[in-house]
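Working notes, structure below.
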Amino acid sequence: MVGRILLFSDAASAGSFNLNTIALAISMALFVQVTLSTALGGVLPILARACKLDPAVLVSPVLASVVDISGMWIYFTVVNSFLGIA
């Protein structure tokens, strides 16, 4: 991911930020999101089965909502901490 960002991006499009830092922040956010999504995708069906619910019906909407919301939160938190925006 870092290589793709560095290869296809222009330093002028990064504004006053270092392009390497932006690439690292995006890659780190993506890594955390994929890891969390995979873990949740494995744990939620087990929890649904433990609660005597049908995992196929429950997990799909819950997992999609949690992954979408957490993805935005992870992305903005990681990029904010790397770039020191706020």
Side-chain angles (χ1 to χ4, degrees):
M1 185 63 140
V2 172
R4 176 183 256 180
I5 293 169
L6 294 176
L7 184 65
F8 294 113
S9 297
D10 183 22
S13 65
S16 63
F17 299 107
N18 184 0
L19 190 59
N20 293 328
T21 307
I22 293 172
L24 185 62
I26 293 171
S27 298
M28 183 64 69
L30 185 62
F31 173 76
V32 171
Q33 177 60 29
V34 168
T35 303
L36 179 69
S37 300
T38 303
L40 284 174
V43 171
L44 280 178
I46 295 170
L47 291 175
R49 179 65 78 192
C51 295
K52 296 184 179 15
L53 300 169
D54 184 15
V57 173
L58 177 70
V59 171
S60 180
V62 172
L63 183 62
S65 298
V66 169
V67 167
D68 288 345
I69 293 168
S70 67
M72 294 299 292
W73 180 77
I74 288 169
Y75 174 76
F76 287 117
T77 302
V78 170
V79 169
N80 185 24
S81 67
F82 269 80
L83 299 179
I85 295 172

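On a predicted model such as this, the values are computed, not experimentally measured, just so you know.
The minimum heavy-atom distance linking Ile22 with Phe17 is given by the pair CD1-CB, 3.7 Å.
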Under 3.5 Å, side-chain donor or acceptor atoms of residues 29-49 against the rest of the protein: list the pairs with distances, not counting sequence neighbours.
from: Gln33; atom 1: OE1; to: Gly71; atom 2: N; distance (Å): 3.2
from: Gln33; atom 1: NE2; to: Ser37; atom 2: OG; distance (Å): 2.9
from: Gln33; atom 1: NE2; to: Val67; atom 2: O; distance (Å): 3.2
from: Thr35; atom 1: OG1; to: Phe31; atom 2: O; distance (Å): 2.8
from: Ser37; atom 1: OG; to: Gln33; atom 2: O; distance (Å): 2.8
from: Thr38; atom 1: OG1; to: Val34; atom 2: O; distance (Å): 2.8

Under 3.5 Å, side-chain donor or acceptor atoms of residues 74-81 against the rest of the protein: list the pairs with distances, not counting sequence neighbours.
from: Thr77; atom 1: OG1; to: Trp73; atom 2: O; distance (Å): 2.7
from: Asn80; atom 1: OD1; to: Ile85; atom 2: N; distance (Å): 3.3
from: Asn80; atom 1: OD1; to: Ala86; atom 2: N; distance (Å): 2.9
from: Ser81; atom 1: OG; to: Thr77; atom 2: O; distance (Å): 3.3
from: Ser81; atom 1: OG; to: Val78; atom 2: O; distance (Å): 2.9

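For the side chain to side chain donor-acceptor pair (under 3.5 Å) condition, no pair includes a residue of residues 53-68, sequence neighbours left out.
Rounded to the nearest 0.5 angstrom, Thr21 OG1 and Ile26 CD1 are separated by 11.0 Å.
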